[in-house]
Engineer: 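Before I ask anything, here is the structure I am working with.
In this text, all values refer to a predicted model and were calculated from it rather than measured experimentally.
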Number of protein chains: 2
Amino acid sequence: MSDRCNFSHWLALEGLRATPVRLAVLEILGEALRALRAQEILELIRTRRRVNKVTVYRILEDFTRRGMVRKLSLEGRVNHFELACEHHPPHPHFQCQTCREVQCLEPVALNQMWTELRGPVGNRADHIDIKVEGLCHKCRDMA
Amino acid sequence: MSDRCNFSHWLALEGLRATPVRLAVLEILGEALRALRAQEILELIRTRRRVNKVTVYRILEDFTRRGMVRKLSLEGRVNHFELACEHHPPHPHFQCQTCREVQCLEPVALNQMWTELRGPVGNRADHIDIKVEGLCHKCRDMA
DNA sequence: CTCGAAAATCAACTGAGTTGCAAGTATATT
DNA sequence: AATATACTTGCAACTCAGTTGATTTTCGAG
Ligand SMILES: [Mn+2]
Ligand SMILES: [Mn+2]
Ligand SMILES: [Zn+2]
Ligand SMILES: [Zn+2]
């Protein structure tokens with residue numbers, strides 16, 4: 001996906017050491033074609049090395065706070081994560097009601113909606129999450 | 001909010017008995033000016049009567065399945081609920097990053113975006129959730 | 001090499017939501 | 001009314017993604 005990102009350099013810019021676990025998290029998210037759950041990331045890292053889940057959770061939380069990663073609250077209890085590098089601008093997501101799989105959709109222009117979405121005067125709107133729910137083509141074929 | 005809803009009648013239409021707990025859930029959601037967490041609903045019911053949390057969770061889950069209530073996954077782990085009666089069409093929500101409070105926004109027209117949001121051909125899009133994150137006017141005044 | 005800070009680990013915890021089953025209550029049948 | 005049946009509620013124990021705090025390991029500066 002984002003072959004153009006130099007993760008070590010990115011970490012340095014953030015003042016973070018390029019540790020193996022941090023790099024693994026970024027590489028896995030960079031290769032993913034969809035947003036991943038923390039547990040999926042953990043399991044993928046474990047195919048290469050021994051890691052504690054707390055380490056991965058803390059790294060994901062830290063990356064999210066720094067804006068390097070986006071945390072998606074698509075359904076209760078399980079968060080999904082995706083890279084928030086310059087090559088992955090924010091975009092809507094599709095989630096299938098049957099298999100719960102998540103797809104990334106193309107970015108959409110919100111120009112005219114943006115003003116309506118601010119809500120009561122005085123609110124500062126920082127970003128907009130769009131989630132589409134339905135039945136994915138795979139589950140549709142099965143039915 | 002939805003004084004025009006006859007909850008007993010609505011339950012009858014769904015083939016459900018108008019039990020005190022079901023009515024309490026609907027009345028509380030009907031009076032609410034924002035989406036409520038399950039725990040808030042539980043506490044509000046408990047100001048009137050003794051209830052077990054499982055009962056409330058089961059009722060909320062059932063109402064959600066029937067489309068009488070919308071479950072919002074605004075942030076991990078805690079769901080918010082709101083009435084999905086004819087007087088409350090779907091609409092976007094605003095959540096403050098500081099106080100985590102949720103506001104209901106006015107419905108927006110998605111006509112032109114709807115087609116873009118279907119994703120890969122074959123997907124069936126059923127509904128769209130829009131969440132705006134930012135800083136609410138109250139938290140803004142404090143800073 | 002030495003030492004302090006950053007990073008990773010471990011075990012124990014949290015808490016929203018769930019499960020299975022027993023007990024209670026309304027409704028239909030006789 | 002009495003009984004059978006289905007629906008509803010309660011209770012206790014559980015799940016599991018995520019968190020916390022304390023301890024150990026690793027790394028880089030001096
Ligand atoms: Mn995405
Ligand atoms: Mn709302
Ligand atoms: Zn699917
Ligand atoms: Zn606020």
Engineer: With heavy atoms under 4.0 Å as the rule, sort L42(B) into base, sugar-phosphate or nothing.
Structural biologist: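 No contact.
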Engineer: Each nucleotide in nucleotides 17-27 of chain C should get exactly one letter: B, S or -. Can you fill that in based on protein heavy atoms under 4.0 Å?
Structural biologist: BBBBB----SS
Engineer: Under 4.0 Å between a side-chain N/O of T19(B) and OP1 or OP2 of dT9(D), yes or no?
Structural biologist: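 Checking dT9(D) against T19(B), a side-chain N or O does come within under 4.0 Å of OP1 or OP2.
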Engineer: List the atom pairs, with distances to 0.1 Å, where a side-chain N or O of residues 65-72 of chain A and a protein N or O form a donor-acceptor pair under 3.5 Å, not counting sequence neighbours.
Structural biologist:
from, atom 1, to, atom 2, distance (Å)
R65(A), NH2, D62(A), OD1, 3.2
R66(A), NE, D62(A), OD1, 3.1
R66(A), NE, D62(A), OD2, 3.1
R66(A), NH1, E14(A), O, 3.1
R66(A), NH1, E14(A), OE1, 3.2
R70(A), NE, E82(A), OE2, 3.1
R70(A), NH1, H88(A), O, 3.3
R70(A), NH2, L83(A), O, 3.3
R70(A), NH2, H88(A), O, 2.6

Engineer: Within the distance-only criterion (no hydrogens, no angle test), does the side chain of N123(A) pair as donor or acceptor with the backbone N or O of H137(B) below 3.5 angstrom?
Structural biologist: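 Yes; at least one donor-acceptor contact below 3.5 Å.
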Engineer: Considering only heavy atoms from C-beta outward, does the side chain of Q103(B) approach that of P120(A) to under 4.5 Å?
Structural biologist: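 Contact flag for Q103(B)/P120(A) side chains = yes.
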Engineer: Report yes if a side-chain nitrogen or oxygen of N52(A) is closer than 4.0 Å to either non-bridging phosphate oxygen (OP1 or OP2) of dC10(C); otherwise report no.
Structural biologist: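 True: N52(A) side-chain N/O within range (under 4.0 Å) of dC10(C) OP1/OP2.
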Engineer: Given atom CD of E43(B) and atom P of dG15(C), what is their separation to the nearest angstrom?
Structural biologist: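 The answer, rounded to whole Å, is 13 Å.
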Engineer: With sequence neighbours excluded, what pairs up with E27(B) under the side-chain contact (heavy atoms from CB on, under 4.5 Å) test?
Structural biologist: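 Scan of E27(B) (side-chain contact (heavy atoms from CB on, under 4.5 Å), adjacent residues dropped) gives F7(B), L23(B), R48(B).
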Engineer: What is the distance, rounded to the nearest whole Å, between atom CG of L74(A) and atom P of dA17(D)?
Structural biologist: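 Taking atom P of dA17(D) as the reference, CG of L74(A) is at 16 Å.
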Engineer: In whole angstrom, what separates R49(A)'s CZ from dT25(D)'s C1'?
Structural biologist: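 Result: 13 Å.
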Engineer: Measuring only between side-chain heavy atoms, which start at C-beta, is V102(A) closer than 4.5 Å to F94(A)?
Structural biologist: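 No, their side chains stay 4.5 Å or more apart.
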Engineer: Which value, rounded to the nearest 0.5 Å, describes the distance between F81(B) atom CZ and T64(B) atom OG1?
Structural biologist: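 It comes to 5.0 Å.
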Engineer: Please report how far the helix from dC1(C)-dG30(D) to dT30(C)-dA1(D) bends, comparing the axis fitted to its first five pairs with the axis fitted to its last five, to the nearest 10 degrees.
Structural biologist: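 Helix axis angle between the two ends: 20°.
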Engineer: By the 4.0 Å heavy-atom rule, please label R50(B) as base, sugar-phosphate, or nothing.
Structural biologist: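 Answer is sugar-phosphate: R50(B) comes under 4.0 Å of backbone atoms only.
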Engineer: Output all residues satisfying side-chain contact (heavy atoms from CB on, under 4.5 Å) with P20(A), sequence neighbours left out; order by chain, then residue number.
Structural biologist: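 Applying side-chain contact (heavy atoms from CB on, under 4.5 Å) to P20(A) gives R49(A).
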Engineer: In whole Å, I'd like the distance from the CZ atom of R65(A) to the C1' atom of dG18(D).
Structural biologist: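 Between C1' of dG18(D) and CZ of R65(A): 16 Å.
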Engineer: Apply side-chain contact (heavy atoms from CB on, under 4.5 Å) to R140(B) and list each qualifying residue two or more places apart in sequence or on a separate chain.
Structural biologist: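 Applying side-chain contact (heavy atoms from CB on, under 4.5 Å) to R140(B) gives R124(A), L135(B).
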